[in-house]
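Note sheet for the following structure.
Not measured: the values here are computed from a predicted model. Count residues from 1 along the sequence.
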Amino acid sequence: MTEETIRWYLPYEAPMQLAGFAWFARDRVYNRLPRNFKMPFREPVEYLAANTAGGQIRFQTDAPQVSVRVKLKEAHNMDHMPATGQCGFDCYVGEPGAQQFVGTSRMDRSLDHYESIVMNAPERAMRNITLNFPLYQGVEEVYVGLAPDAQILPPPPYADDRPVIVYGTSITQGGCASRPGMLHTNILSRWSNRPYINLGFSGNSKGDPEVAEAIADIPNPGGYVLDYEANAGQEGLENTLEPFIATLRTSHPKTPILVVSRPRFAGEWINPEASKTREKARDFQRDTVARLTAAGDANLFFHDG
């Protein structure tokens, strides 16, 4: 399509629907934590909160082609992650619970802006579209480009519109997925047809009390996943896990909480001490959950990563 044959739409204006940004309605920025919160966040957490992992644009259209026009905070600058994952949008199409990948934005990696086609179908048909935001870069502006005469409808309703909120490490944020749709919270969102809020902060998920307070402020949560062992370590977990859970329980006493220990890292086979360290932290989380469950918290669970 040429400039004359594209109409550009803002993703937060009806009938399009923006997902994954719990504070967008208040702050009007694509940020994963609230601006000017009552408790200040650590500087690296504030910086990573501007990365848009888990953000989605949802709508239905009969346009045969879908484009994005994007202004990033910075150009691609990671030597261990593809630009398509760090800075790109990708597109999924299909019925709720059965969407499939169709395309990823292409860009000049030296620039902080681009325009790219993410879906190019041979004919018009009403399709259910999800566009996934970049994982390790901030988005200052994004527009969705469609044919001027295209019909646009709201997306189908979620099976459950209560968001699952996942707090974790670089693994949660999506390092180093090749494109945004391969982020595991986006995979789970597609499979379950429900919203997920990704609060993975690479290297900086350490059980910060201010982050717990912010998470507790999100209304109507469907569940929490706490998966931050790899950043906090044993000592960090001992200092923060129980207070973090207590903060969530103050606002949401019955919402399910799943505590997940970290997965086995590849290098553990050659370093037995690393396995022992991981197992010790795993056991601490398991035992903490068991103790709190025995004390009456029937909606607290542990999973061995």
Side-chain angles (χ1 to χ4, degrees), residues 19-24 29-34 37 41-56 72-74 77-78 80-82 84-90 132-139 163-192 194-218 221-233 236-237 240-241 244-245 247-248 257-263 265 281 285 303 305:
F21 301 104
W23 294 275
F24 185 86
V29 291
Y30 303 116
N31 211 67
R32 294 183 298 142
L33 286 174
F37 192 55
F41 303 112
R42 289 186 294 113
E43 184 175 349
V45 174
E46 191 83 66
Y47 174 82
L48 290 163
N51 294 176
T52 53
Q56 297 179 338
L72 302 169
K73 290 185 180 294
E74 302 174 70
N77 55 14
M78 302 180 81
H80 64 300
M81 185 170 176
T84 47
Q86 183 193 4
C87 302
F89 280 76
D90 66 6
N132 296 300
F133 274 73
L135 303 178
Y136 267 79
Q137 189 51 269
V139 173
V164 177
I165 302 156
V166 185
Y167 175 63
T169 65
S170 59
I171 300 169
T172 299
Q173 189 175 337
C176 290
S178 60
R179 51 183 178 78
M182 299 308 293
L183 172 69
H184 77 266
T185 58
N186 283 340
I187 293 172
L188 291 168
S189 178
R190 285 196 301 278
W191 286 354
S192 62
R194 69 180 300 168
Y196 274 69
I197 295 175
N198 186 299
L199 296 179
F201 302 112
S202 186
N204 279 280
S205 290
K206 300 182 179 182
D208 304 58
E210 59 273 17
V211 175
E213 292 281 353
I215 293 173
D217 278 354
I218 298 174
Y224 301 107
V225 179
L226 305 183
D227 184 11
Y228 67 96
E229 173 197 331
N231 287 171
L237 286 170
T240 66
L241 181 58
F244 202 107
I245 293 169
T247 297
L248 299 181
I257 299 175
L258 175 64
V259 177
V260 181
S261 65
R262 76 164 176 84
F265 289 168
Q285 293 170 94
H303 182 73

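Side-chain atoms of Q173 come within 3.5 Å of backbone atoms of L135 as a donor-acceptor pair (strictly under, hydrogens ignored). Q86 places no side-chain N or O within donor-acceptor distance of the main-chain N or O of M81, the cut-off being under 3.5 Å. Proximity of a side-chain donor or acceptor of R42 to a complementary backbone N or O of D208 within less than 3.5 Å is not detected. Under a 3.5 Å cut-off, the side chain of N198 and the backbone N or O of G20 do not form any donor-acceptor pair. In terms of modelled atom types and a separation under 3.5 Å, the side chain of S189 and the main chain of P195 share no donor-acceptor contact.
Annotation for L248 and A216: closest pair CD2-N, 4.0 Å, computed over non-hydrogen atoms. S192 and L188 get closest at one heavy-atom pair: OG-O, 2.6 Å. Residue S205 comes nearest to G200 through the heavy atom pair OG-C, 4.4 Å, listed as atom of the first residue, atom of the second, then distance. What you find for P82 and C176 is that their closest heavy atoms are CD-O, 4.3 Å. When all heavy atoms are compared, the tightest approach of G305 to V260 is CA-CG1, 4.2 Å. Nearest heavy atoms, L183 versus A53: CD2-C, 4.2 Å.
Looking only at atom types and distance, the side chain of N51 has no donor-acceptor partner in the side chain of R32 under 3.5 Å away.
Taking the side chain as every heavy atom from C-beta outward, F21 and T52 approach each other to under 4.5 Å. No side-chain heavy atom of V225 sits less than 4.5 Å from a side-chain heavy atom of T172. Side-chain contact between F244 and P209 is absent, with no heavy-atom pair separated by less than 4.5 Å.
With sequence neighbours excluded, no residue forms a ring-ring contact (aromatic ring centres under 6.0 Å, His included) with F201. Taking the salt bridge (Lys or Arg N to Asp or Glu O under 4.0 Å) definition, one finds that D227 meets it with nothing, sequence neighbours left out. Qualifying side chain to side chain contact (heavy atoms under 4.5 Å, CB included) partners for F37, counting only residues two or more places apart in sequence or in other chains: P34, M39, F41, E213, A214, D217. When the salt bridge (Lys or Arg N to Asp or Glu O under 4.0 Å) test is applied to R179, the partners found at least two apart in sequence or on another chain are D90. By the salt bridge (Lys or Arg N to Asp or Glu O under 4.0 Å) test, R194 is found to be paired with D160, residues two or more places apart in sequence or in another chain being considered.
Between H184 atom NE2 and Y196 atom OH the span is 8.5 Å, to the nearest 0.5 Å. Note that the CG atom of L258 and the OH atom of Y224 stand 13.5 Å from one another [nearest 0.5 Å]. To the nearest 0.5 angstrom, C87 atom SG is 5.0 Å from Q137 atom CD. A distance of 5.5 Å separates CD1 of I257 from CD1 of I245, quoted to the nearest 0.5 Å. Atom CD1 of I197 sits about 6.5 Å away from atom CH2 of W23, to the nearest 0.5 Å. The distance from atom CZ of R190 to atom CG of N132, rounded to the nearest 0.5 Å, is 6.5 Å.
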Listed pairs under 3.5 Å, donor-acceptor, residues 163-171 side chains, sequence neighbours left out:
from: Y167; atom 1: OH; to: K206; atom 2: N; distance (Å): 3.1
from: Y167; atom 1: OH; to: G207; atom 2: N; distance (Å): 3.0
from: T169; atom 1: OG1; to: I171; atom 2: N; distance (Å): 3.3

**Study point:** Criterion side-chain contact (heavy atoms from CB on, under 4.5 Å) on Y228 and L241, from CA distance to verdict
**Key:** CA-CA 9 Å; Y228 67 96; L241 181 58; 3.8 Å; yes
**Study point:** Verdict with supporting geometry, V139 and L72, side-chain contact (heavy atoms from CB on, under 4.5 Å)
**Key:** CA-CA 4 Å; V139 173; L72 302 169; 4.2 Å; yes
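Between F24 and Y30, the ring-plane angle classifies as parallel under the 30° and 60° cut-offs.
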